[in-house]
Amino acid sequence: MAVEVDVRGLSCPIPVVRAKDAIQKNPGKELKVILDNKTAVENVSRLAKNSGYSIKTGEEGEDYTILMTPGK
Amino acid sequence: MKISPKWWIILGGAVFGILGALAVNWGNPANMGICVACFLRDISGAVGLHRADVVQYIRPEVIGFTLGAVVMAFAFKEWRPRGGSSPIIRFVLGICVMVGALVFLGCPIRMVLRLAGGDLNAITALAGLIFGVLIGIVFLKRGFNLGRARPMSHTAGAIMPGMMVVLLVLALAAPAFIFFSESGPGSLAMPLFAALGIGLFVGVMGQRTRFCSVGAWRDVFMVRDFYLLSGVIAFLVAALVTNYIAGNFAADGFYSWGFADQPVAHTDHLWNFLGMGLVGIAAIQIGGCPLRNLILSGEGDTDAAVTVLGYLAGAAIAHNFIIAATPGGVSEWSIAAVLAGWAFCLIIGFTMRKA
C-alpha cells in the first residue's frame, strides 16, 4: 500500500517540500501524492524523477495523483 | 519535433530577455524594459494611491501578464478559482516585497535587466536576494506554510482579471482623474498596444512555463532543480546580447559597466543587499515573484490576487512615506521600513507552521 501525501490546497513550493519529506521518511516505499493543480504535478514529478522514482500520473475527479515507485 | 519543457522555458526566457532589452529602445525607461515592481508602482500612482508625479502611468504590460495567463488557463483547463490561504498575511508580505523592491529600485526581473545593462549594483542585490531566499528555505524546511487554499467561486476568481480589464479601459480612455507623468520614468513608455502585446506574450509564456524569478533560486538551493533557473539565465544572456547588438553599450548608448551613475539606481550597497533580501524572503513565503503572482491571479488564484493588491498598497506606502529610494540613495525611512519588513517576515516564518 502506497504512503499517501495529500498536498491539495498548498501553494508552491510546499507540495515539493512535503513530497521530499515523505521520500526521506519512507525510503524504498511507494508514495501516492494527491494534488490539485498542474504546476504542483510538474514540480513534484521533476522531484520524483530526480530522486530516482518512476512515476505514473492520473486524475481522480478534480484532483491529480502521482504514484511514485522507487527505481527507474 | 516535440520541444521538452526545459527547452520551452529557455526559449521563453530568451524571447522575454530580448523583448525586455528592446522595450527600452522602443520607449520604456532605461534598464526598465520590464520591471514588474516599477510598473505596479506606476499603476498605483496612476490611480492616485501615491502622488509621486514622476512615476504615474497605467502600464499595459502588467495588464497583459494577467490577461495572457487567463487565456492560457482556460485553453489548458487550468482555471481553478481558489483562495483562503492566509490572505491578510499575503497582503502584508506583498507590501514587504514592494518596499524591498523600491528600496533597491527594481524587482528580481529588473535586477537581471540592470545586470544585462551593465549596472553592477545588481550583483549586490542578487547576493541579497539569495540571502533572503536561503533564510526562506530554512523556514520551509521547518514546516513553514500559510495554510491550505480552498476552491472558490468563478466570480471570486474573476475579480483580478476584471480589475485588469478596468485598468485597460482607463488607460485607453485616460479620464482626467487618472495621473500620467509628464516627466521622469513614468513619462517614458512604449506605445500602448505594443506594451500590451509584450505583456500578453509574457503572460502566455509565463503561465505555460511557470517562469519565476525568485522560485528559480529557491529550487536550485532547496532541491537542486535547475528548471526555472535555466529560464532566468536565458533571460539574462538574451538581454545582454540584445543590448550589445542594439548598440546600447555604444558611447552614445544607454549603458556602461559600473556601479556609479546607473539609470534609476543608487549605490547604497547595504540597502541594495537588504532591500532585495527582503524581496527574497517575502517572495519565498508568498510562493513566487511579482510576475508569478500576477500570472497566478490570472488562473483564478485569489490569494495571488490579494498579494497583487498588497504590491499596489506597498507601492503607495513606499512613495507616500518617503521609503522608496531615489538615485540619490535611501532615506532613514527606507532603512526603517526594510528593517520592519524583515522583522515581519521573521515573525511570519517562525509562527506560521503546519499544525
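Just so it is clear: chains get the letters A, B, ... in the order the sequence lines come, proteins before strands, and each one is counted from 1.
By the 30° and 60° cut-offs, the orientation of the rings of B:Phe350 relative to B:Phe139 is perpendicular.
Heavy atoms of A:Thr39 lying under 4.5 Å from chain B belong to its backbone as well as its side chain. With a 4.5 angstrom heavy-atom cutoff, A:Val7 touches chain B only via backbone atoms. At a 4.5 Å heavy-atom cutoff, B:Arg150 makes no contact with chain A through either its backbone or its side chain. Interface residue B:Arg80: only side-chain heavy atoms are found under 4.5 Å from chain A. Contact annotation for A:Lys38: both backbone and side-chain heavy atoms come within less than 4.5 Å of a heavy atom of chain B.
One finds the CG atom of B:Leu134 at 11.0 Å from the CG atom of B:Leu140 (value rounded to the nearest 0.5 Å). One finds the CD1 atom of B:Ile63 at 13.0 Å from the CE atom of B:Met163 (value rounded to the nearest 0.5 Å). Note that CG of B:Leu229 is 5.0 Å distant from CH2 of B:Trp217, once rounded to the nearest 0.5 Å.
A heavy-atom distance below 4.5 Å is not found between the side chains of A:Val44 and A:Arg18.
Of all the listed residues (B:Met222, B:Lys77, B:Arg82, B:Arg224), the one sharing the greatest number of non-hydrogen pairs under 4.5 Å with chain A is B:Met222. The candidate from A:Asp21, A:Val16, A:Asp6 with the greatest count of non-hydrogen atom pairs under 4.5 Å with chain B is A:Asp6.
Electrostatic pairing of B:Glu78 and B:Arg210 counts as a salt bridge here, judged by a charged N lying under 4.0 Å from a carboxylate O.
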